[in-house]
Protein chains: 2
Amino acid sequence: MLKKQLIMEKALELFSEQGFEATSVQQITERCGISKGAFYLSFKTKDELVISMVDHYLQKFIIDIDQVVRGAYNKETILIEFYKSIFQAFKDHSASARVFFNEKVFLTKKELFHKITAYEAEMSKSIIYMLEQLYKDKLQETKYDVMYCIKGFMKSYAEIFIFSDMPLDLEQLAKSLAEKTNIIAYHTTIPFITEELVPFIAKPCEQDVSKDALLQLFEQNIVNEEDSIKRESLELLKQEIENPTYSTAIIKGLIENLRIDPAYHWIAYVSAKYFNI
Amino acid sequence: MLKKQLIMEKALELFSEQGFEATSVQQITERCGISKGAFYLSFKTKDELVISMVDHYLQKFIIDIDQVVRGAYNKETILIEFYKSIFQAFKDHSASARVFFNEKVFLTKKELFHKITAYEAEMSKSIIYMLEQLYKDKLQETKYDVMYCIKGFMKSYAEIFIFSDMPLDLEQLAKSLAEKTNIIAYHTTIPFITEELVPFIAKPCEQDVSKDALLQLFEQNIVNEEDSIKRESLELLKQEIENPTYSTAIIKGLIENLRIDPAYHWIAYVSAKYFNI
DNA sequence: TATACTAATGACTAATCGGTCATTTGTCAA
DNA sequence: TTGACAAATGACCGATTAGTCATTAGTATA
């Protein structure tokens, strides 16, 4: 398990230096100080590595945003917190940001394209949720346009973090963008992205958490888990999917048992979505 | 010369389908219906092809924007014209947009990275010029932030054009973004990108048109030009660089002789810059 | 028709790719 | 020390790559 981590880290370095296609398995194993064979003990193929990496690095990012957005609600600060957490992530993980937000080699691999666009859709949902909480029904017509503006701000300003290692004032940036967001939200009158347009421009993505996918996720993790409480929680939740019996409180508790472990953040996140918690 | 054009077109198709590294010279020549040897008669290496492509496709884009921005000034419509021309370009050339704005394989090749960032800097200059004309000194502190917002709008909304072929109302989009730009320009009070910060986040780029580079550009084109007026114009401009003699009007006229020919748009553009016209 | 020249070809090379697998190394309990 | 098992190795494979070059096809002049 540690070996996988090492390979992913070193691969990320190389991908951000040279790109995915241009980086060979040889180079990755050399930087790791392991043999080529050892690589294939951890990952079946080079593609499997990059799929794992996308999951690993983007899950963190999405979960961070979602936690900020659904966390304790303070209208005055939520936008600032939102932008701060995003750019803090860009600052801390500029290598993965460079690879996953800019490298669209992935566009050529259909599976990865769907994965990445699914994560992006997840982020869009979080932003929309935030806008609904912040501006209530003041923002009916222009909701999606404001979301696109926020995404635009992110993309545009992220470049500064990705391509330079200057010390930057995150607080000031967050304030500046929060102000812009408020201005846009309150003053925009001409929408472009209408409610009818949304389904057409939405990227192909797994709309909801599929039952089978979730079951498979549980099965994968049950076999590797050694901690008895976590394994039992996984078992019970798996049974609950196939045969609902327990109350919401119990299910939430089981999910929280998993959420403690950073490795289970994602499974907790999608489980909560599946059970509507 | 036509062969080069053919190769660039087909290569663009393949790059936008599969990415640069994943596309082989073999595939390009197959799609062109020519032999592998013929490819190497037009381009010395695969890298030279992609460098030529960047020049060819980005030059057009930059020149378009610059012409709109420096064209007849009507405060009411300039922003709308600006956005319309940009998204029209994204619509018409979604393949090259996909390749050059999203494929950052190029980031790994230093020469290309510099080229692309130089073109981006060129675009930034055009936007700043437009903002200065539009808002005069109302926009001192927040000029660069507004520019970043505009770039953000472009990046965010461009996705819709790049990844879907829906019929979209360009006029409505341009109006919507023009409104947003005005709102941001008039209401933003908290800057992030200050005048001092600019040189640090500016990408490495050829700041001004270098004399030697321009001379070389002229020499390359003089030998291939058959039309006597164009060749003489090139000759005279080349002499003018080394030994200034003529008045601005004459120089401008010579440049206009070249500008008629689409193939000389770029040389006209950089010459005008060099002679401050 | 013969000659001279350029344009175009595709078999070829050396290098590198992702991936495999017989073999070696390391680590236990007995 | 031995035997059993897992972890790790790197030589090796077939496929593919960018790039070369001796050869051929096509064309214009004499």
Side-chain angles (χ1 to χ4, degrees), chain A residues 1-55 99 103 105-113 115 223-226, chain B residues 1-54 99 103 105-113 223-226:
Chain A
M1 205 44 105
L2 272 170
K3 182 70 64 60
K4 273 195 178 187
Q5 190 74 32
L6 173 72
I7 292 171
M8 287 202 279
E9 272 170 32
K10 299 299 180 189
L12 184 65
E13 284 174 25
L14 284 161
F15 289 169
S16 91
E17 288 165 20
Q18 328 176 349
F20 170 68
E21 296 278 357
T23 301
S24 68
V25 175
Q26 194 95 261
Q27 286 175 297
I28 296 170
T29 57
E30 270 166 21
R31 187 165 296 197
C32 290
I34 61 171
S35 71
K36 212 172 165 189
F39 173 92
Y40 286 95
L41 291 176
S42 292
F43 299 98
K44 276 207 281 292
T45 64
K46 192 185 168 189
D47 280 352
E48 198 191 279
L49 163 67
V50 77
I51 289 169
S52 300
M53 285 173 67
V54 169
D55 275 329
V99 171
E103 263 248 29
V105 176
F106 304 120
L107 291 178
T108 64
K109 312 240 175 207
K110 287 230 165 123
E111 191 183 355
L112 280 171
F113 176 71
K115 237 182 211 305
V223 291
N224 292 322
E225 185 50 62
E226 284 154 15
Chain B
M1 204 45 104
L2 273 168
K3 182 71 62 61
K4 274 195 175 187
Q5 189 75 31
L6 173 72
I7 292 171
M8 288 202 279
E9 272 170 30
K10 299 299 180 188
L12 184 64
E13 284 175 25
L14 284 160
F15 289 169
S16 91
E17 287 165 19
Q18 330 177 348
F20 170 68
E21 295 279 355
T23 301
S24 68
V25 175
Q26 194 94 257
Q27 285 175 298
I28 296 170
T29 57
E30 270 166 20
R31 187 166 294 199
C32 290
I34 61 171
S35 71
K36 212 171 168 193
F39 173 91
Y40 286 96
L41 291 177
S42 291
F43 300 98
K44 276 207 283 291
T45 64
K46 193 184 167 189
D47 280 352
E48 197 190 280
L49 163 67
V50 77
I51 289 170
S52 299
M53 285 173 67
V54 169
V99 171
E103 263 247 32
V105 176
F106 304 121
L107 291 178
T108 63
K109 314 237 174 207
K110 287 231 165 124
E111 191 184 353
L112 280 171
F113 176 71
V223 291
N224 292 322
E225 185 50 61
E226 284 154 12

Do Tyr40(B) and Thr29(B) come close enough that some side-chain heavy atom pair is under 4.5 Å?
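Result no, sub-4.5 Å side-chain heavy-atom pair not found.
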Would you say that Ile28(B) contacts Leu49(B) through its side chain, given a criterion of any heavy-atom pair below 4.5 Å between the two side chains?
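With C-beta onward as the side chain, the pair touches.
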Listed pairs, N/O of protein and of nucleotides 14-19 of chain C, under 3.5 Å:
| residue | atom | partner | partner atom | Å |
| --- | --- | --- | --- | --- |
| dG18(C) | OP1 | Lys46(A) | NZ | 2.9 |
| dG18(C) | OP2 | Val25(A) | N | 3.0 |
| dG18(C) | N7 | Lys36(A) | NZ | 2.9 |
| dG19(C) | OP2 | Tyr40(A) | OH | 3.2 |
| dG19(C) | OP2 | Lys46(A) | N | 2.8 |
| dG19(C) | N7 | Lys36(A) | NZ | 3.1 |
| dG19(C) | O6 | Lys36(A) | NZ | 2.5 |

Take atom CZ of Phe43(B) and atom C1' of dA7(C), then tell me their distance rounded to the nearest Å.
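It works out to 16 Å between those atoms.
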Length of the CD1-P vector between Ile34(B) and dA7(C), whole Å:
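Between P of dA7(C) and CD1 of Ile34(B): 14 Å.
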Look at all strands and tell whether Leu41(B) reaches a base, only sugar-phosphate, or nothing, counting heavy atoms closer than 4.0 Å.
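Contact class for Leu41(B): base.
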Which distance, rounded to the nearest 0.5 Å, do you find between the CE of Met53(B) and the CD of Glu9(B)?
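These two atoms lie 10.0 Å from each other.
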Can you tell me how far apart CZ (Phe20(A)) and NZ (Lys46(A)) are? Round to the nearest 0.5 Å.
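With rounding to 0.5 Å, CZ (Phe20(A)) is 4.5 Å from NZ (Lys46(A)).
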Cut-off 3.5 Å, no hydrogens considered: what does the side-chain donor-acceptor table look like for residues 31-39 of chain B, sequence neighbours left out?
| residue | atom | partner | partner atom | Å |
| --- | --- | --- | --- | --- |
| Arg31(B) | NH1 | Glu13(B) | OE1 | 2.8 |
| Arg31(B) | NH1 | Glu17(B) | OE2 | 3.1 |
| Arg31(B) | NH2 | Glu17(B) | OE1 | 3.3 |
| Ser35(B) | OG | Ala38(B) | N | 3.2 |

Work out which heavy atom in Ala22(B) is nearest to a heavy atom in Gln27(B); give both atom names and the distance.
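Heavy-atom minimum between the residues: O-OE1, 3.5 Å.
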Qualifying residues under side-chain contact (heavy atoms from CB on, under 4.5 Å), relative to Ser42(B), sequence neighbours excluded
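Here the qualifying residues are Lys3(B), Lys4(B), Ile7(B).
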Partners meeting side-chain contact (heavy atoms from CB on, under 4.5 Å) with Glu48(B) (sequence neighbours left out)
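If we apply the side-chain contact (heavy atoms from CB on, under 4.5 Å) test to Glu48(B), skipping adjacent residues, the hits are Phe43(B), Lys44(B), Thr45(B).
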Span of DNA chain D in contact with chain A (heavy atoms, under 4.0 Å):
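Counting from the 5' end, contacts occupy dA8(D) to dG10(D).
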